[in-house]
Amino acid sequence: MKASVRLKVRRQDNPKSTPYWESFEIPYRQHLNVINLLMAIQENPVNEHGQKVAPVVWECSCLEEVCGSCTMIINGKVRQSCSALVDQFEQPIVLEPMSKFPVVRDLRVDRRAMFETLKKIQGWVNIDGYFNLGPGPVLDEKIRMKCYEYSRCMTCGCCCEACPQFNSRSPFIGAFAFGQVHLFNSHPVGKFDEARRLDSIMGMGGLADCGNAQNCLRACPKNIPLPDAIAELGWTTTKRAVTRFFKE
Amino acid sequence: MTIANPRIIIVGGGLAGLMSAIKICEKGVPVSIFSVVPVKRSHSVCAQGGINAAINTKGEGDSIEQHIFDTIYGGDFLAQQEPVKKLCEAAPGIVYMYDRMGVMFSRTPEGRLDLRLFGGVKNRRTLFAGGTTGQQLMYALDEQVRKFESRGLIKKFEGWEFTSIVKDHEGRCRGITAINLATMEEHVFRADAVIMGVGGYGQLYGKATNSTHCNGSAASACFQQGATLANIEMVQFHPTTIPGDDKVRLISEAVRGEGGRVWTYKDGKPWYFLEEWYPAYGNTVPRDVAARAIWKVVKDMKLGVKGEDVVYLDVTHIDPDELERKLGGVLEIYSKFVGVDPKRVPMKIFPGVHYSMGGFYVDFDHMTSVPGLFACGECDYQYHGANRLGANSLLSATFSGFETGPSALNYAKNLAKSCESIPAAVFDDEHQLQIEINKKLVGMNGKENPHQLKKELTETMMENVGVVRFNDKLKKADEKIIELMQRFYACGIQDNGAWANDELLFMRTLHNQFILGRAVVGAALARDESRGSHYKPDFPNRDDVNWMKTTKASYTTDGPKFDYEPVEPIHIKPIVRRYDVAPAKTVDE
């Protein structure tokens, strides 16, 4: 039985300071996950040399992998840390903040850019009002199940982190956005705004910038078939371009 | 005189907060939303099983009257009956609204909204979106809020923690103070009305199904500033949660609604004790009943599986494809976190802290005892009495937002003077006070580890204020919390930095939790009866003569004080609540 877990964390005190590595030894227990390790540091912030340090800062909320908060890079792979069971990792377990978003402190990053993108693509069904107008449209359960795959997107950013096109030097908006465009364009009422959503991803940083590496599919914790959405949108944006050129 | 463009602040970005925001924006009035997390990550995403509405599409003769009855009966006659009636009446309209927003509710073969069975009811009444209904509803409101945000009607303060309300000389709530969790700067904001949608206080028990920030700190802060809390002794233990080190994880009641069976070994053979003890409802008895039954089997009869504090929740007899379609998201949590496939091996579960029935005392317009301060969602008290029925929380969160938004707007519009005309000193004083508190906390350099105190607090709550309660243990719990409060002043803060300092928030929360904890303990100690989730073996029966009353807790520097207000049974007369046989008469009138 292992007596302790070795943990190596890439730390950064604030957005402007230089990152550094710090290691910790955490007493081993059964069924630990990475959040448990960070909580242990929070309770007793002492590094491997026995020095008292500031506790490691990270973001977490639901701890059930439905909120997307605790996303970070663990042993080189981006994922949620709550569902990262210690027994499944080689040691030392190496934690790094996501590299495609600005660091706030230690493992906490600022993912506001993703929410701004959701505004740009108009990720909502435009309804008349918030009172009782009766049920929505009838929907084939098979289509519903397909849409549900996309509606589970937590905006966690794994697809962005894994994507070679998404970085601070590129305007590429990230694969999650195409999943959402596809979702709202598939909805019987959401479809009314299809053209505007397509226009929003046809400019710079949009669909055409996707390099088709398909890393997004492998990185998504909810197995959202983002490449399918991208392929589908490839065709509909082409049709949209024809319409725009000849008919508008 | 009316105020044309009142300023309204909403604290909390879960279903209740966002729904109230939308209802205000719909009238063209802008709002500001403060949330610790990006609102899309609010705790509402954790709800799994569904949302109740008596749309009666299964030919079972379901009705709004039956929904009202089940809710009040399930809450053991402590809920406010008029708001419950309005809640159940509004339910079909609410789910239709969500449907129109594009929520991917599960469908029937004809493409209509499907329904499933939940606890404490006889009819299928629960709409669901796979096994992640809360997440799907939350995202729908998040999307609609983003629409208003892009039109400039909503301003979000995400990554801000509420620290206090601002009260003017008349005692009206006139704004809030809040701290930016990156810069650690304390700010003050003016408002004509403030809406709290701050969720429950499950984190008072440490391990709960709740998200890490559902700690009751904001409610406690308001309590200390004069807001009355009600029925806060009523804390729901969900019968089927996965025990864990960092939290207990929810396994939805929908699992039993879809046919899951609870059992353990007795004399070497599977024993389906819920089905044996409660033949009328079987595995879908309400949560307090199921939690107590599992508690009895494990703690008193010592019949936990392999001697551990767990029993089985079994779905291995159900078709795996159907499980995937209806419960996929729920079962995924079990396989990811336990590493075992529940479609093949029964799940090991045990009751865990889940929902706060109690919260802010509010009137039927959702205003707290502080004029201008409103509350909705899990943090208000009035819909669930002593026990909440499954799939009623997504409903009450939404409905209370529906009510609170317009009600706060109406209040603000009719104020004699706007927050702009309140003297600056009112705001500066509160602002300075909060800045001073932060300074003192960051400067603490004693020997006590605050995380150790938190551990002792949560262990005390779990040990003494749980499924089974005894007065001597409750008294000890109160003494223990007083001891912890004294030790708090000897604490050393783990981080005294000025940037993204989570430890400062931890210290603030901890102190607020002590005060809230004492109120929960005191309310539980005083209520000498058993009702819903509040169970005292020394007082095993419900006592309507003395205790069909709302507990109202108010803060004093000497500790919480309690008053009581009778619950008026205006729609459903109290009858004995039992689930071994069906109630004699279900719908009144």
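Below, chain A is the first sequence line, B the second, and so on; all start at residue 1.
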What is the minimum heavy-atom distance between A:Val109 and A:Met98, and which atoms define it?
CG1-O, 3.7 Å

Residues from residues 188-196 of chain A approaching chain B under 4.5 Å (heavy atoms)
none

For residues B:Ile33 and B:Ile154, report the shortest heavy-atom separation together with the two atoms involved.
CD1-CG2, 3.9 Å

For the pair A:Tyr150 and A:Asp228, evaluate side chain to side chain donor-acceptor pair (under 3.5 Å) and give the outcome as yes or no after the intermediate values.
CA-CA 11 Å; A:Tyr150 293 98; A:Asp228 292 357; 4.8 Å; no

Ionic contact status for A:Glu149 with A:Lys146, cut-off 4.0 Å:
yes

N-O pairing of A:Arg112 and B:Glu158 below 4.0 Å
no

Should A:Glu65 and A:Ser83 be marked as a side chain to side chain donor-acceptor pair (under 3.5 Å) after you check the CA-CA gap, both sets of side-chain angles, and the distance that decides it?
CA-CA 7 Å; A:Glu65 210 193 69; A:Ser83 59; 2.6 Å; yes

Under 4.5 Å from a heavy atom of chain A, the part of B:Gln203 involved
neither

Heavy-atom pairs under 4.5 Å with chain A are the metric here; pick the option from B:Arg249, B:Lys454, B:Met97 that has the most.
B:Arg249

Turns out that what part of B:Ser42 lies under 4.5 Å from chain A's heavy atoms comes down to neither

Start with the C-alpha distance between B:His354 and B:Thr241, add both sets of side-chain angles, then the distance that settles side chain to side chain donor-acceptor pair (under 3.5 Å), and finish with yes or no.
CA-CA 9 Å; B:His354 182 55; B:Thr241 70; over 6 Å; no

For B:Tyr139, does the six-membered ring have the charged nitrogen or CZ of B:Lys40 within the cation-pi criterion, i.e. under 6.0 angstrom from the centroid and within 45° of the normal?
yes

Most heavy-atom pairs under 4.5 Å with chain A, out of B:Ala129, B:Ala182, B:Ala140, belong to B:Ala129

Separation between CG of A:Asn47 and CD1 of A:Ile41, rounded to the nearest 0.5 Å
9.5 Å

On a heavy-atom basis, the closest approach of A:Asn33 and A:Ser81 is CB-O, 4.3 Å

Among A:Cys147, A:Ala84, A:Cys156, A:Pro55, residue most engaged with chain B (heavy-atom pairs, under 4.5 Å):
A:Pro55

Heavy-atom cut-off 4.5 Å, strictly under: side chain, backbone, both or neither for A:Cys82 against chain B?
both

Determine, for B:Asp114 against A:Arg144, whether the closest basic-nitrogen to carboxylate-oxygen distance falls under 4.0 angstrom.
no

Would you mind checking if A:Arg11 and A:Asp106 are paired as a salt bridge, meaning a charged N to carboxylate O distance below 4.0 Å?
yes

Part of A:Phe131 within contact of chain B (heavy atom distance under 4.5 Å):
both

Are the charged groups of B:Glu149 and B:Lys155 less than 4.0 angstrom apart, N to O?
no

Between A:Gln88, A:Glu64, A:Lys52, which shows the greatest number of heavy-atom pairs under 4.5 Å with chain B?
A:Glu64

Heavy atoms only, distances under 4.5 angstrom: which of A:Asn14, A:Asp140, A:Asp110, A:Ile35 has the most pairs with chain B? Name it, please.
A:Asn14

Under 4.5 Å from a heavy atom of chain A, the part of B:Phe337 involved
both

Should A:Leu118 and A:Phe176 be marked as a side chain to side chain contact (heavy atoms under 4.5 Å, CB included) after you check the CA-CA gap, both sets of side-chain angles, and the distance that decides it?
CA-CA 9 Å; A:Leu118 290 177; A:Phe176 73 101; 3.9 Å; yes

Relative to chain B, which of A:Asp13, A:Val104, A:Leu32 shows the most heavy atom pairs under 4.5 Å?
A:Val104

Salt-bridge present (B:Glu89, B:Lys86; N to O < 4.0 Å)
no

Looking at A:Gln42, A:His31, A:Lys142, which has the largest count of heavy-atom pairs under 4.5 Å with chain B?
A:Gln42

Run the side chain to side chain donor-acceptor pair (under 3.5 Å) test on B:Gln48 and B:Thr132 for me, step by step, so that the C-alpha distance in whole Å, both residues' side-chain angles and the decisive distance to 0.1 Å come before the verdict.
CA-CA 4 Å; B:Gln48 299 169 353; B:Thr132 61; over 6 Å; no

Please state whether the side chain, the backbone, both or neither of A:Leu85 comes within less than 4.5 Å of a heavy atom of chain B.
side chain

Heavy-atom distance under 4.5 Å to chain A: side chain of B:Lys336, backbone, both or neither?
both

B:Gln135 CD to A:Lys222 NZ distance, which is reported to the nearest 0.5 Å
7.0 Å

Considering only heavy atoms, which portion of A:Ile143 lies under 4.5 Å from any heavy atom of chain B: side chain, backbone, both, or neither?
neither

Is A:Arg152 in contact with chain B via its backbone, its side chain, both, or neither, using a 4.5 Å heavy-atom distance?
both

Which atoms of B:His43 approach chain A - backbone, side chain, both or neither, heavy atom under 4.5 Å:
neither

Highest number of heavy-atom pairs under 4.5 Å with chain A among B:Arg112, B:His213, B:Met101 belongs to B:Met101

Heavy-atom contact with chain A under 4.5 Å, split by part of B:Gln494:
both

NZ/B:Lys455: more than 12 non-hydrogen atoms of other groups inside 6.0 Å:
no

Electrostatic pair B:Lys23:B:Glu26 at N-O distance under 4.0 angstrom
yes

Go through the atoms of B:Phe105 and report whether side chain, backbone, both or neither lie under 4.5 Å from a heavy atom of chain A.
backbone

Counting only non-hydrogen atoms closer than 4.5 Å, does B:Gln452 touch chain A with its backbone (N, CA, C, O), its side chain (CB onward), both, or neither?
neither

Interface moiety of A:Lys120 toward chain B, non-hydrogen atoms closer than 4.5 Å:
neither

Among A:Asn36, A:Leu63, A:Val125, who wins on heavy-atom pairs under 4.5 Å with chain B?
A:Leu63

Can you tell which of B:Asp246, B:Asp502, B:Val45 has the highest number of heavy-atom pairs within less than 4.5 Å of chain A?
B:Asp246

Which bit of B:Val145 comes within less than 4.5 Å of chain A, counting heavy atoms only: side chain, backbone, both or neither?
neither

Under 4.5 Å heavy-atom distance to chain A, tell me which part of B:Met19 shows up: side chain, backbone, both or neither.
side chain

Pairing of B:Asp99 and B:Arg107 as salt bridge, 4.0 angstrom limit:
yes

Out of B:Glu110, B:Gln144, B:Glu332, B:Glu503, return the one with the most heavy atom pairs under 4.5 angstrom to chain A.
B:Gln144

Does any heavy atom of chain A fall under 4.5 Å from the side chain of B:Asn449, the backbone, both, or neither of them?
side chain

